[in-house]
2 protein chains.
Amino acid sequence: MKQRITLKHIAKTFNVSIATVSKALKDSHEISVATKLKIQEYAKLHNYRPNSIALSLLNKKSKTIGVIMPSILNPFFVKTFSGIEQVANEKGYNVIAIVSHGKLDKEISSIIVLENGLIDGLLISLSEEAEAKQHFSHLEEFIDNAGPIVMFDRVSDSVNTDKVIVDDFNCAYKATEHLIKTGCKHISVVSTLDNVGIIKLRIDGYLKALVDYNLPINRKIINLIKPGYDFETELKTMLDYQEVDAIIGLEEFSAVESMMIAQDRGYIVPDDISIISFTSSDFFKYTKPSITCINQHSVFMGKTAAEILISKIEQPLGTETVFETKTIKTTLIERKSTKPLVNNY
Amino acid sequence: MKQRITLKHIAKTFNVSIATVSKALKDSHEISVATKLKIQEYAKLHNYRPNSIALSLLNKKSKTIGVIMPSILNPFFVKTFSGIEQVANEKGYNVIAIVSHGKLDKEISSIIVLENGLIDGLLISLSEEAEAKQHFSHLEEFIDNAGPIVMFDRVSDSVNTDKVIVDDFNCAYKATEHLIKTGCKHISVVSTLDNVGIIKLRIDGYLKALVDYNLPINRKIINLIKPGYDFETELKTMLDYQEVDAIIGLEEFSAVESMMIAQDRGYIVPDDISIISFTSSDFFKYTKPSITCINQHSVFMGKTAAEILISKIEQPLGTETVFETKTIKTTLIERKSTKPLVNNY
DNA sequence: CTGAAAGCGCTTACAG
DNA sequence: CTGAAAGCGCTTACAG
């Protein structure tokens, strides 16, 4: 690694000032054609590239955005991230990715690092712990000091900023309704997450559907399995002691693992028990039976969030800031883990 | 967004110099306890944080690394990235993620952006196009001007730098051997990638195993499906016209999709046809039958690559640079898509 | 104990 | 047509 070439170097070799070199490279009309030519040629030959850190300091813009997600080993977040990366790159922004692993202190320390000029704006999906403790002052501090935030998926009403969400309530309602319409009466909800706003919304949507269709509510088959508890044990216990003819898995793992366990116990899917999964994975096509799921259009969600963020970053100073909450529509992808809809419903 | 507080602001409020404030905040012994105290208190109260861009410019270190991958919607790269992110964060580095989508010009333009002080070092898995065209000058330029590179998985011998790879040759040999030992004789290889070094290595390992076990080689069942060709059609044609009793999928998609297609045609897996996949996915547990695969320990690969890179970044100037190529060991995870090993082999 | 100066690499308004 | 100056936010060796 040799020394990177700078304006100073070029200035010295031609015995001109740094300012002249700077202008020459920008093809300024202030500079004579002769000097422009020789400087540009030399710069090209030596692969001169302006130092982006220096420009950041000057412009107070880093042309990079940050993304903080609870996990990256979760297909939903991977796809969202993919969407974010795409539009960021199109618009000339770099993206710094940070995984909070659901931990509040990781979230806070990351934001502190990013807060000092490193990024022009932040995309964040809240950590479980931030939601559980309702701790958001680090976000407000960021907004005050560093730039705009757009929250996606796991958001909080307490933070006044732009948001992109999935319509979790209706989405759960639709899934539940679909199960009811295919003849299910004892619909369980299974999740490995708790204390997260979206889970509450999904359960509310589920409950509403039950009420609307005059089905009884059985709290014992709303199975939020807390960390530390064994999924398999919890699920088997439920299947042993409760009547269940359908399971809505609130994330991929819960759905696919529930299906496996039920099948191992001899249940036929979907005849004995139907399965629907929140979050769509390409792999749901490949299970036996293939799994009916809700497509949350996560790539699109990522793109939308990034677009909003960048437009906020680039809006002229003094523009009145109006915050919007965009809801991404979901689709039910019908596969073989649910019974066909009865026509005469 | 208000104005971020700087040393200048603090200096002005206490009528001292910027230098004094800087030293006071570093708790320098040069400064009187009284001034240190009031300055520190004020800074804390107003949430002062040194501007990291300014520090980067000063130190010529940005404490961030770049990662360029061909794809992020591929579980192998996601896991590798996860490993990278983990150690980078432990060691206080930010990571900028860039997806090349297999395109050379995206790879080049990204490197140009990153080259100018933005990152201290780069992790890269080559794009298909860079490998196909054997174009690597952008990497050499980066190494010359910006900092160390560590290549992972898709590497090139032509670039003199550190590398972390999977032992693709032996890995394919092992997989093929396993199939032979379970009684397969007509082993096909299926991949949607071509022109990539690792694919060549895998095929070489496969061929070597066939030779060692005195099995005939049938080039017609080495099925490298080029972009634009329909996977299903290609695979069906092969199954129709060639004798095949095992398929090695060189990436997840090829394996799982091949299994589906074979099953749709009435093949029983593994009795009629065995399946092995390169790259391990959590989902392989959930297919019927579950899929035997090669675990490439991709998270570990990412961690290793990041560790090497950061050690290179942080090594004192003038340290003799010795490049190493680290090979990550792979494991065969036996599941139900292959027949059990016969004991008396 | 405090501060002026130089510098990291750049840009731009202003003089000459 | 060219350059000196000021500045982005910081640090550090050197004077006083």
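Naming convention: chains lettered A, B, ... in sequence-line order (proteins, then strands); numbering from 1 in each chain. This structure is a prediction, so every number in the text was calculated from the model and none was measured.
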- [ ] Return one dot-bracket line describing DNA chain D 5' to 3' (Watson-Crick or G-U wobble pairs, both distances under 3.5 Å; ( ) same strand, [ ] crossing, | another strand, . none).
- [x] |||.||||||||.|||
Task: Atom P, compared across dG7(C) and dA4(D): separation rounded to whole Å - done: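 The same atom, P, in both gives a distance of 15 Å.
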Open item on the list: Under a 3.5 Å threshold, yes or no: a donor from one side chain and an acceptor from the other, between E85(A) and Y93(A)?
Closed with: no
Task: Pair N160(A)-E140(A), side-chain donor/acceptor within less than 3.5 Å - done: no
So what does [X] touch, heavy atoms closer than 4.0 Å: a base, only the sugar-phosphate, or nothing?
| X | value |
| --- | --- |
| S56(B) | nothing |
| K23(B) | base |
| Y48(A) | sugar-phosphate |
| I53(B) | nothing |
| L58(B) | base |

Answer yes or no: is there a donor N or O on one side and an acceptor on the other, between the side chain of [X] and the main chain of [Y], under 3.5 Å?
| X | Y | result |
| --- | --- | --- |
| T20(B) | V16(B) | no |
| N74(B) | F76(B) | yes |
| S22(A) | I18(A) | no |
| S125(A) | F152(A) | yes |

Open item on the list: Tell me whether F136(A) at atom CZ has more than 12 heavy atoms from other residues, nucleotides or ligands lying less than 6.0 Å away.
Closed with: yes
- [ ] Identify, between L57(A) and K36(B), the residue whose nearest nucleotide on DNA chain C lies closer to the 5' end.
- [x] K36(B)
Open item on the list: Taking the nucleotide of DNA chain C with the nearest heavy atom to each, does I5(A) or E30(B) sit closer to the 5' end?
Closed with: E30(B)
Task: Distance flag, aromatic centroids of Y42(B) and H46(B), threshold under 6.0 Å - done: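 Yes - the distance between ring centres of H46(B) and Y42(B) falls below the 6.0 Å cut-off.
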- [ ] Look up atom CD in Q86(A) and atom NZ in K303(A), then write down how far apart they are to the nearest 0.5 Å.
- [x] 4.5 Å
Task: DNA chain D: 5'-most and 3'-most nucleotides touching chain B, 4.0 angstrom heavy-atom criterion - done: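 The footprint of chain B covers dC8(D) to dC14(D).
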